[in-house]
Amino acid sequence: RRSSDLVILDVLKSNVRLEEVYHETARHAFDFCRQNQRPQEFKRLCETLRKNFQDLGKNTGKVPLHQVNVTHPDTIMRTLETRCKQLQIATEVDLWRESYVTATEIYELMSKARPKPHLRSMYYEYLGQIFWKSENHLFHAFACLKNLMFVKAAKQNLSKDELQLLASKAVLATLCVPFQKNSDIHATLELTTEGSSSPHEKAKKHAQLFNVQSVPTRESIATQLAEK
C-alpha cells in the first residue's frame, strides 16, 4: 500500500493539474502511517516529499504551463498545509528529529507566503512540543509565548477561557526554565541539529525558527509575559 503511494506521488509530483491530488495522496498516506504505527514508512514518505519538492525547485528558466511551479503562491500554500499535517503526524509517531526538520521547512515556506492564522499557531504549538520532548525548556517556553502573542493579536473572537489557557501555559512553561548563569544558559540545547555546532550556534538556529535574531532568556520571556 505505501509503496504504491510512493509511486503515485512520483507520477503526480510535477503535473500542475494533479497538484491537489498529489497533496491529498500525501495526507492519506500520513494518516495510514499514524493509524497503523508505521514510523519508518512515514519517514520514507517525508523524505520522498522533500526530494520531490527540491527536484521541482532545481528547474531554471521559465516553468512550463503544465508543470508545478514551486514559487507560485498556491503551490506554496498547498505545500505548507501538507507540511503542517506532516509535522503533526511526526510528533504523534515520536519522530522528533523528523519533526524538527519539517518545522524548518515550514519556516522557510512561511517566509515566502503568508500562512493562514491557524497554521502559524499550529506551528508554534508543535515547535513547543518538540522542545519539551528534548527537555529544552527555554525554547519550549518561548514557543508558548509566541503562540500566545500571535493568537491574541490574530484571533478577533478569542474567548476569555482560551486566552487564559494559553497564558497559563506560557507562564507555567516559563517557570520550568531553570535559572542558569549566562555562561551555561545554552548548555541544555541538545536536540535536533546535526554537526559539531556550539550550543550557542544551535540556540541561534532555534531562535531563527521564531524569526528572531537573538536567543531568548528566561528573563526576556518573563518580561514579555508581564507586559502582555
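Position 1 is the first residue of the sequence; numbering continues from there.
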Exercise. Taking R83 for the side chain and I106 for the main chain, is one N or O donor matched with an acceptor at less than 3.5 Å?
Worked result: no
For this session: Tell me whether L127 is reachable from L165 by hopping between hydrophobic residues (I, L, V, M, F, W, Y) whose side-chain heavy atoms are closer than 4.5 Å.
Result: no
Exercise. Between Y22 and N52, is any pair of side-chain heavy atoms under 4.5 Å apart?
Worked result: yes
Exercise. Between E98 and R44, is there a side-chain N and carboxylate O pair less than 4.0 Å apart?
Worked result: no
Exercise. Do you know which two heavy atoms are closest between G57 and V70, and how far apart they sit?
Worked result: CA-CG2, 3.7 Å
For this session: Please step through side-chain contact (heavy atoms from CB on, under 4.5 Å) for the pair E41 and N36, ending with a clear verdict.
Result: CA-CA 10 Å; E41 290 184 27; N36 295 278; over 6 Å; no
Exercise. For the ring pair F131 and H206, is the centre-to-centre distance below 6.0 Å?
Worked result: yes
Problem set entry | Check against salt bridge (charged side-chain N to carboxylate O under 4.0 Å, His left out), D55 and K51 | CA-CA 6 Å; D55 288 347; K51 183 178 184 303; 2.8 Å; yes
Seminar exercise, completed: salt bridge (Lys or Arg N to Asp or Glu O under 4.0 Å) filter on E125, not counting sequence neighbours, yields K169
For this session: Go through the steps for L109 and T79 under the test side-chain contact (heavy atoms from CB on, under 4.5 Å), then give the verdict.
Result: CA-CA 8 Å; L109 290 166; T79 306; 3.8 Å; yes
Exercise. Step by step, would you call R120 with R114 a side-chain contact (heavy atoms from CB on, under 4.5 Å)?
Worked result: CA-CA 9 Å; R120 187 180 290 277; R114 186 170 183 166; 5.5 Å; no
Exercise. Are there more than 12 heavy atoms of other residues, nucleotides or ligands under 6.0 Å from atom NZ of K85?
Worked result: yes
Exercise. Hey, are R27 and D31 close enough for a salt bridge, meaning a charged N less than 4.0 Å from a carboxylate O?
Worked result: no
For this session: With rounding to the nearest 0.5 Å, note down the distance linking CZ in F142 to CE in M149.
Result: 7.5 Å
Exercise. Are the side chains of H140 and C176 in touch, meaning some heavy atoms are under 4.5 Å apart?
Worked result: no
Exercise. Taking C-beta and beyond as the side chain, do K155 and P117 meet within less than 4.5 Å on heavy atoms?
Worked result: no
Exercise. Looking only at heavy atoms, which two atoms of M122 and C84 are closest? And how far apart?
Worked result: CE-O, 3.2 Å
Problem set entry | Working for side chain to side chain donor-acceptor pair (under 3.5 Å), residues Y123 and N147 | CA-CA 9 Å; Y123 168 74; N147 196 27; over 6 Å; no
Problem set entry | Plane angle bin for Y124 and F210 - parallel if under 30°, tilted between 30 and 60°, otherwise perpendicular | parallel
Seminar exercise, completed: CG of L163 to CG of L148, rounded to nearest 0.5 Å, is 6.5 Å
Problem set entry | Connected via hydrophobic side-chain network under 4.5 Å: L175 and L225 | yes
Exercise. From F139 CZ over to L209 CG, what is the distance, rounded to the nearest 0.5 angstrom?
Worked result: 8.5 Å
Exercise. If every non-hydrogen atom of L95 is compared with every non-hydrogen atom of S99, which pair is closest and at what distance?
Worked result: O-OG, 2.7 Å
Exercise. Should the pair R34 and F42 be classed as cation-pi, given the thresholds of under 6.0 Å to the six-membered ring centre and 45° from the axis?
Worked result: no
For this session: Using the side-chain contact (heavy atoms from CB on, under 4.5 Å) rule, take W132 and I130 through it: C-alpha gap first, then chi angles, then the decisive distance, then the call.
Result: CA-CA 5 Å; W132 178 260; I130 293 168; over 6 Å; no
For this session: Compare all side-chain heavy atoms of T104 with those of K205 and state whether any distance is below 4.5 angstrom.
Result: no
Problem set entry | Within-4.5 Å side-chain heavy-atom neighbours: Q86 and E105 | yes
Seminar exercise, completed: Of all heavy-atom pairs linking L138 and P216, the shortest is CD2-O, 3.4 Å
Problem set entry | Beyond-backbone contact of K133 with T91, side-chain heavy atoms, under 4.5 angstrom | no
For this session: Please round to the nearest 0.5 Å and tell me the distance separating atom NZ of K146 and atom CD1 of I221.
Result: 11.0 Å
Exercise. Just by distance, with hydrogens left out, do S134 and N136 show a side-chain donor and acceptor under 3.5 Å apart?
Worked result: no
For this session: Could you tell me which non-hydrogen atom of A207 sits nearest to which non-hydrogen atom of V212, and how far apart they are?
Result: O-CG2, 3.2 Å
Exercise. Side-chain contact, heavy-atom cut-off 4.5 Å: E24 with E20?
Worked result: yes
For this session: State, yes or no, whether a side-chain contact exists between K204 and Q213 at a heavy-atom distance under 4.5 Å.
Result: no
